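Nothing here was measured: the structure is a model prediction, and the numbers come from that model. Naming convention: chains lettered A, B, ... in sequence-line order (proteins, then strands); numbering from 1 in each chain. As a basis for the values below, the full set of heavy atoms in this structure was taken, side chains included, without hydrogen atoms, waters or symmetry mates.
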Amino acid sequence: MAGKYQIPRGTFDILPEDSYKWQYVTNVFKEVVRTYNYQEIITPIFEKSEIFERSVGESSDIVQKEMYRFQDKKGREFALRPEGTASIVRSYVENNLGMNGGNTKLFYLGPMFRYDRPQKGRFRQFYQYGVENIGSDNPFIDAEVIAIGYSFLKKLGLQNFELQINSIGCANCTPNYDKALVKYFTPYLNEMCSDCNTRINKKPKRLLDCKVPSCKKIAQNAPSMLDYLDNECRDHFAGVQDFLKKMEIPFTINPKIVRGLDYYNKTAFEFIDNNLGAQNTLIGGGRYNGLISQFGGKDVPGTGFAGGFERLILSMETEELPFGKEQLPDIFLVTLGQKAFNYGNKLLLKLRDAGICVEYDPDKETMKAQMKAADRSRSRFTLILGEDELAGNKIILKDMKSGAQQFIKLEKIVESLKKMFKK
RNA sequence: GUGGGUGUAGUUCAAUGGUAGAGCACUGGAUUGUGGUUCCAGGCGUUGUGGGUUCGAGUCCCAUCAUCCACCCCA
């Protein structure tokens with residue numbers, strides 16, 4: 001079983017028995033995003049390392065210990081993308097995507113890479129879908145981006161998820177809040193974990209997120225970011241909530257949501273599925289107003305989200321949701337004898353050209369073996385062509401469910417099957 | 001990076017330190033050209049890998065790799 005040649009740790013093959021699920025989910029995502037008039041953008045899966053260092057944040061865990069870094073032959077520093085937004089902002093600036101006026105509305109799909117310890121819902125290569133809306137600071141856009149995520153999850157049939165939103169402020173209001181947090185936590189430091197102790201001076205907000213029970217208890221009564229927002233951020237957050245209410249999208253405010261990527265400000269949100277285990281964030285996103293200018297573009301605001309397909313599919317499986325229709329063959333062709341086999345070759349091509357999915361197994365010779373194969377293929381019908389039929393210029397069409405069979409004239413078979421399957 | 005569980009046939013799992021087995025799946029057969037049900041037949045697999053203890057290791061010990069769950073982090 002576990003032989004010499006093994007797939008890299010934390011990666012997985014998507015086998016035929018599962019790949020249709022991935023196809024279904026990506027198709028639904030594309031459909032939903034189309035209704036919001038978002039266009040696809042496809043960027044490379046590796047970039048200069050500094051693209052991620054600058055955007056995601058030098059001190060973030062993603063950059064510090066989770067990036068797949070490598071040098072090319074000329075010693076240039078690259079990294080496999082750990083997330084999608086950085087590349088898109090880079091491309092936005094590099095290609096002047098904002099030149100047409102209005103908002104730039106983009107979506108993307110593809111693999112991301114993080115050197116993490118694998119776990120339920122967490123992999124080293126994982127597949128994300130996401131959207132970015134660049135060009136507006138209007139809280140309506142925050143709400144609309146959230147609405148895309150909501151529409152998507154709903155369209156898949158998911159029920160057990162919850163939307164949590166927060167405002168994490170901006171460069172103007174966070175310093176005051178950080179100061180208040182330091183002041184609040186300092187007296188408790190000897191009761192808190194070592195991580196919290198080291199983080200208090202770098203990113204005091206992270207103490208809110210700590211899951212160590214004793215820390216959690218202390219964090220419960222910590223001052224809330226929402227009380228430290230400046231007027232602009234407060235109004236903006238109120239606006240987002242107002243639009244969400246108008247759109248009738250249910251949400252709860254969770255002041256403890258902290259995005260791990262440095263570029264976020266103002267709105268932060270997560271769609272969470274509590275039945276998922278420890279990795280329960282289905283979609284995470286928020287606003288990133290300073291990011292575009294950081295890449296040398298104009299000071300244009302942006303907002304977006306990303307989600308992982310693995311968790312999405314896990315969620316759907318636990319809710320026992322369907323992944324579209326199964327793809328089964330329309331026809332299994334059975335031939336008996338050399339002449340029928342010869343004719344069958346011609347027929348196969350004709351039927352397939354007509355858009356009909358036909359299965360055939362040239363390694364099975366007896367009627368029995370071919371019928372067995374037909375049964376296993378789960379095709380709806382079987383065509384049986386033997387010497388007798390060929391001589392009579394006809395073919396047998398058998399309904400595999402009812403067992404009923406009928407003769408059809410050979411020259412009419414393609415046409416009548418075409419009609420039958422509406423192709 | 002840390003902790004705990006697991007690793008035996010394609011798969012799901014057995015095997016008080018003493019010859020490695022079963023269900024399912026798979027292939028063939030049960031007289032002429034019809035599948036699903038039933039019956040019969042067909043399995044030597046470096047017991048993940050490398051060491052060690054022992055007369056003897058799938059079983060005990062160590063290491064390593066992989067996997068699962070959690071911490072952490074996040075999608």
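Heavy atoms of A/Glu83 sit nowhere under 4.0 angstrom from any nucleic acid atom. Across all strands, A/Tyr127 comes closer than 4.0 Å to no nucleic acid atom at all (heavy-atom distances). Within 4.0 Å (heavy atoms only), A/Met112 reaches no atom of the nucleic acid at all. Across all strands shown, A/Ile384 has heavy atoms under 4.0 Å from base atoms, whether or not it also approaches the sugar-phosphate. A/Leu282 comes within contact range of the sugar-phosphate backbone alone, with a heavy-atom separation under 4.0 Å but no base atom that close. As judged by a 4.0 angstrom heavy-atom cut-off over every strand, A/Gly277 is placed among residues touching the sugar-phosphate backbone only. In this structure, A/Gly10 reaches the sugar-phosphate backbone alone: every heavy-atom distance under 4.0 Å involves primed, P, OP1 or OP2 atoms, never a base. Among the protein residues, A/Gln64 comes within range of no part of the nucleic acid, since none of its heavy atoms lies under 4.0 Å from any strand.
Atom CZ of A/Phe295 sits in a crowded spot, with more than 12 heavy atoms from other residues, nucleotides or ligands closer than 6.0 Å. No more than 12 heavy atoms of other residues, nucleotides or ligands shown are found within 6.0 angstrom of NZ on A/Lys65.
Side-chain proximity of A/Asp375 to the nucleotides B/U34, B/C74, B/G36 is greatest for B/G36. In the set B/A70, B/A75, B/G33, the nucleotide with an atom closest to the side chain of A/Ala306 is B/A75. Picking from B/C72, B/G35, B/G28 the nucleotide with the shortest atom distance to the side chain of A/Lys398 gives B/G35. Comparing B/C74, B/C72, B/C71 by their closest approach to the side chain of A/Arg311 singles out B/C74. The side chain of A/Met367 lies closest to B/U34, out of B/C73, B/C74, B/U34. Taking the side chain of A/Lys120 as heavy atoms from C-beta on, and the options B/C69, B/C26, B/A75, the nearest nucleotide is B/C69. Nearest to the side chain of A/Thr281, among B/C73, B/G35, B/C74, sits B/C74.
Here A/Phe46 and A/Phe70 bring their ring centres to under 6.0 angstrom of each other. The distance between the ring centers of A/Tyr360 and A/Phe332 does not fall below 6.0 angstrom. Taking the six-membered ring wherever Trp is involved, the centroid distance between the rings of A/Trp22 and A/Tyr127 falls below 6.0 Å.
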> Could you spell out the base pairing of RNA chain B in dot-bracket, with Watson-Crick or G-U pairs whose two distances are under 3.5 Å, [ ] crossing and | to another strand?
Replying inline: (((((((..((((....[..)))).(((((.......))))).....(((((..]....))))))))))))....
> Going through the distances and angles, do A/Glu162 and A/Asn274 end up as a side chain to side chain donor-acceptor pair (under 3.5 Å)?
Replying inline: CA-CA 8 Å; A/Glu162 159 183 17; A/Asn274 285 310; 3.3 Å; yes
> Passes side-chain contact (heavy atoms from CB on, under 4.5 Å), A/Leu397 versus A/Leu417? Steps please.
Replying inline: CA-CA 10 Å; A/Leu397 177 69; A/Leu417 287 180; 4.1 Å; yes
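Here the separation of B/G58 from B/G50, taken at their P atoms, is 13 Å to the nearest Å. With both ends at atom P, the span from B/A66 to B/C61 equals 22 Å, rounded to whole Å. Atom name C1', nucleotides B/U47 and B/A9: the rounded distance is 10 Å, in whole Å. Nucleotides B/A41 and B/U32, compared at atom C1', are 23 Å apart to the nearest Å. Rounded to a whole angstrom, the distance from the C1' atom of B/U6 to that of B/C13 is 13 Å. Here the separation of B/G45 from B/U19, taken at their C1' atoms, is 15 Å to the nearest Å. To the nearest whole angstrom, the two C1' atoms, one in B/G21 and one in B/A75, are 44 Å apart. Spacing of P atoms, B/G3 relative to B/G42, comes out at 50 Å, to the nearest Å.
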Please enumerate all protein N or O atoms sitting under 3.5 Å from an N or O of nucleotides 63-65 of chain B, with distances to 0.1 Å.
none

Polar atoms only, N or O, under 3.5 Å: list the protein pairs with nucleotides 1-3 of chain B and their distances.
from : atom 1 : to       : atom 2 : distance (Å)
B/U2 : O4     : A/Arg117 : NE     : 3.3
B/U2 : O4     : A/Arg117 : NH1    : 2.4
B/G3 : O6     : A/Arg117 : NH2    : 3.4

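Side chains of A/Asn133 and A/Thr303: a donor-acceptor N/O pair is absent below 3.5 angstrom, by distance only.
Atom CG of A/Asp399 and atom C1' of B/U34 are 14 Å apart (whole Å). Rounding to whole angstrom units, CD1 of residue A/Ile62 and P of B/C72 are separated by 16 Å. Atom-to-atom, CG of A/Leu314 to P of B/C74 comes out at 20 Å; the value is rounded to the nearest Å. With rounding to whole Å, A/Asn280 atom CG is found 14 Å from B/C73 atom P. Note: OH (A/Tyr264) to C1' (B/C73) measures 14 Å, nearest angstrom. Note: NZ (A/Lys364) to C1' (B/G33) measures 18 Å, nearest angstrom. When rounded to the nearest whole Å, the span between CE of A/Met371 and P of B/U37 equals 14 Å. In this structure, CZ of A/Phe12 is placed 17 Å from C1' of B/A66, rounded to the nearest angstrom.
Here A/Arg124 does not reach the OP1 or OP2 of B/U67: none of its side-chain N or O atoms lies under 4.0 Å away.
For A/Lys65 and A/Gly284, each mapped to the nucleotide of RNA chain B holding its nearest heavy atom, the one lying further toward the 5' end belongs to A/Lys65. In terms of position along RNA chain B, the nucleotide closest to A/Thr366 lies nearer the 5' end than the nucleotide closest to the other residue of the pair A/Thr366 and A/Gln128.
The residues A/Lys372 and A/Asp375 are annotated as not salt-bridged, no charged nitrogen and carboxylate oxygen being separated by less than 4.0 angstrom. For the pair A/Asp137 and A/Arg287, the salt-bridge criterion is met [side-chain N within less than 4.0 Å of a carboxylate O]. We find that A/Lys21 and A/Glu317 are joined by a salt bridge, their nearest charged nitrogen and carboxylate oxygen being less than 4.0 Å apart.
Checking each of A/Glu50, A/Glu53, A/Glu47 against A/Arg69 for a salt bridge (Lys or Arg N to Asp or Glu O under 4.0 Å) leaves exactly one that passes, namely A/Glu53.
Taking 4.5 Å as the limit, every side-chain heavy atom of A/Leu385 sits out of range of all side-chain heavy atoms of A/Val334. Side chains of A/Val28 and A/Val25 form no contact here, defined as non-hydrogen atoms less than 4.5 Å apart. Taking 4.5 Å as the limit, every side-chain heavy atom of A/Val240 sits out of range of all side-chain heavy atoms of A/Phe140.
On a pure distance criterion of 3.5 Å, no polar donor-acceptor pair joins the side chain of A/Gln370 and the base of B/U34. Side-chain N/O atoms of A/Gln119 and base N/O atoms of B/C72 include a donor-acceptor pair closer than 3.5 Å.
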